[in-house]
Protein chains: 2
Amino acid sequence: MVAATLKDVAELAGVSVKTVSNVVNGYAFVKPENRRRVEEALAATGYRPNVGARNLRRGRTGFLALVLPELSIPYFGELAGLVINAGHDQEWNVLIEQTLGTREGERATLGALGPHMVDGAIVSPEALHANDFEELSGGVPMVMLGEHAVDVPVDRVGIDNVRAAEVAVRHLVAIGRTRIAAIGQHPTRGTAALRLAGYRSALTEAGLPVREELIAPALNYHRRDGATAMADLLALPEPPDAVFCFNDLLAIGALRAAAERGVRVPGDVAIVGFDNNEESAYSLPSLTTIAPDKRAIARAAVDLLRRRVSGEEGLAPQQVHVPFALEIRESTS
Amino acid sequence: MVAATLKDVAELAGVSVKTVSNVVNGYAFVKPENRRRVEEALAATGYRPNVGARNLRRGRTGFLALVLPELSIPYFGELAGLVINAGHDQEWNVLIEQTLGTREGERATLGALGPHMVDGAIVSPEALHANDFEELSGGVPMVMLGEHAVDVPVDRVGIDNVRAAEVAVRHLVAIGRTRIAAIGQHPTRGTAALRLAGYRSALTEAGLPVREELIAPALNYHRRDGATAMADLLALPEPPDAVFCFNDLLAIGALRAAAERGVRVPGDVAIVGFDNNEESAYSLPSLTTIAPDKRAIARAAVDLLRRRVSGEEGLAPQQVHVPFALEIRESTS
DNA sequence: TTGAAAGCGCTAACAT
DNA sequence: ATGTTAGCGCTTTCAA
């Protein structure tokens, strides 16, 4: 029993393909008698539309690309799940591509995204340059995730990173910390610059000095990088009494570095993360963190794409800010 | 500059579509002169093949479905990344579908996988019944991930769960524990039964009694379920001195429940997990766990699928066992 | 070695 | 209300 086609069904029902197509697509007015016969034939043959053919005809692919660094990174795993769901709501299947967060990888992936491969792409760039974007977009509508230094006329969805960082640091100030460090400085990551700006401004606002030695860089944003950076901070003559990490993985690493040195959290040093990964509610201690509304990010991105794809030409590039919250947990109480 | 077609390129180069197609597909013998002109035209138009049309013609889709409970679960996030990579090696794009681990969800997803949607599917079933499988496979070649009670003539890839559980429990015996509990009993999960069997056999082999009150059920395999189960175990008149958790998330939850009650790990109770999620190397204490070779799982699954799709008919359903290792960390030392 | 043309399964004019 | 038919862009006989 090899896949039945519209034609097969039509023959079995004794009607034309058009009628079958109409029934299948829930179309118009079909004589009840015919509808019944078509439906029977449909069931009898176990007909399933050939999506490829349908899309070829319709001039769409039915696919959406989600381009991100790596699915094994909790934040992206969680986000991807939500994007898949949001995509389904718009009859899109989501194709996930991994770039490893390198410019190489990002260029290669965008370049491979032919105009026929997908109807649009949701991209979470980490290292892309502005001109890469223009060069490689290939006419595929795109939405960028997260705020970025890169200035490209493209829709973006994310939270207000400067404000979020301010909220995080203000919280540390509010619980009485004065030597507040930051982990995650990075030369090219767009969000790093923004979170750092928020960190600085919150300190200044509180009348606290910004000490450059308390701003720790991170080559990557993995757990091990957080541990390394935290080790360096704790080795300072005057170590910090609080640390704002630019993501939860860094914070988890920082937690471990502290524990290994017998430094108590939050007793000796309070820690705040960013992203609200599921694991952060279960770390020991659990992690206070900035919780972006990931569901809103996924929905807004897909929605923006839908509007672009359905050809709202005049629409200027949008910058959508979704809500975030400070999730206060044990690492700061 | 709307997407150029083969025809456009042919006209520009002054040759037939066939010749262009030949060049594009690196085919046969093309007169050098013509080849040059085609290549120029190709570059000038920025031609990209329409994958949908190509696949329609070729009778394949170029897509592979990866059906799993949820991408936000670390194990599946990590695995999905590896499957995507393995798929690319065989010129497949991977489509991820989430079932939430319910029979409902699994049935719906498999049912939606028309024969035209994907060339094959890699399925990680959690609740599927044997007849669901036959009813819904719709002729799409499938590979199942993990061992399962469900007996269906389908290729499977996974580790030897009974042996792995034995290795885990033997380790607990080896470090001198005698009241060894298990967390993760479940009425329908295939792996639960196998891991429990390994648990029992390792205890028996060590001459230790199997105490039913030390076998804790888990409705789900999330962190919170591990915490709940651990709380129950610790409330026993004679609490365990070791716990074997059927996955790392349960173990992470157990770690927290212990910490909240002032129970020291591994001092008072040693804990072993299963899966080797990335986070388990950074928990406090870090988690001893069974580490399946996930890369091997991904590769074997894709490879099996490739063989099925390319129509090796006579091939009997395979059961592939990939290697695993016991990763010893702080939670048992 | 290349061209012409059929057709993959579907949708949407157009005609009836 | 339904049938006929022309393609969507591509690959692939079949001829030339």
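Keep in mind it's a predicted model, so treat the numbers as computed, not measured. The sequence lines fix the lettering, A, B, ..., with proteins before strands; numbering per chain opens at 1.
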B/Lys31 NZ - C/dT1 P separation (whole Å): 10 Å
Nearest-angstrom distance from the residue atom CG of A/Asn22 to P of C/dC10: 14 Å
Residue A/Val17, side-chain heavy atoms: nucleotide from D/dT5, D/dT2, D/dA6 that is nearest: D/dT5
Touch class at under 4.0 angstrom, heavy-atom based, for A/Lys18 against every strand present: base
side-chain N/O B/Thr5 vs D/dG9 OP1/OP2, d < 4.0 Å: no
Selection from D/dA6, C/dT2, D/dC10 that lies nearest to any side-chain heavy atom of B/Leu6: D/dC10
Rounded interatomic separation in angstrom, taking CG from B/Leu56 and P from C/dT11: 12 Å
Heavy atoms from other residues, nucleotides or ligands near CD of A/Glu104 exceed 12 (cutoff 6.0 Å): no
Value in whole Å for how far the C1' atom of C/dT2 lies from CZ of B/Arg35: 13 Å
Donor on one side chain, acceptor on other, B/Asn161 and B/Glu147, under 3.5 Å: yes
d(CD, B/Glu33; C1', C/dT2) in whole Å: 14 Å
Donor + acceptor pair across side chains of B/Asn93, A/Glu97 (<3.5 Å): yes
Options C/dC8, D/dT5, C/dC10, nucleotide nearest the side-chain atoms of A/Pro49: C/dC10
Short side-chain N/O contact to C/dG9 OP1/OP2 from A/Arg54, under 4.0 Å: no
Phosphate OP1/OP2 of D/dC10: any B/Ser21 side-chain N/O under 4.0 Å: no
Below 4.0 Å: OP1/OP2 of C/dT11 and any side-chain N or O of A/Asn25: yes
Sugar-phosphate, base or nothing in reach of B/Asn55, heavy atoms under 4.0 Å: nothing
Whole-Å gap separating P (D/dT13) and CZ (B/Arg57): 8 Å
Residues B/Arg156 and B/Gln319: side-chain donor-acceptor under 3.5 angstrom: no
First encountered from the 5' end of DNA chain C, between B/Ala53 and B/Val20: B/Val20
Between D/dC10 (P) and B/Leu42 (CG): distance, integer Å: 11 Å
Short side-chain N/O contact from A/Thr19 to OP1 or OP2 of D/dT2, under 4.0 Å: no
Side-chain donor-acceptor contact under 3.5 Å, B/Thr45 with B/Asp8: no
Rounded distance (Å) that lies between atom C1' of D/dG7 and atom CG of B/Asn50: 14 Å
Distance test, side-chain N/O of B/Asn34 to OP1/OP2 of C/dT2, below 4.0 Å: yes
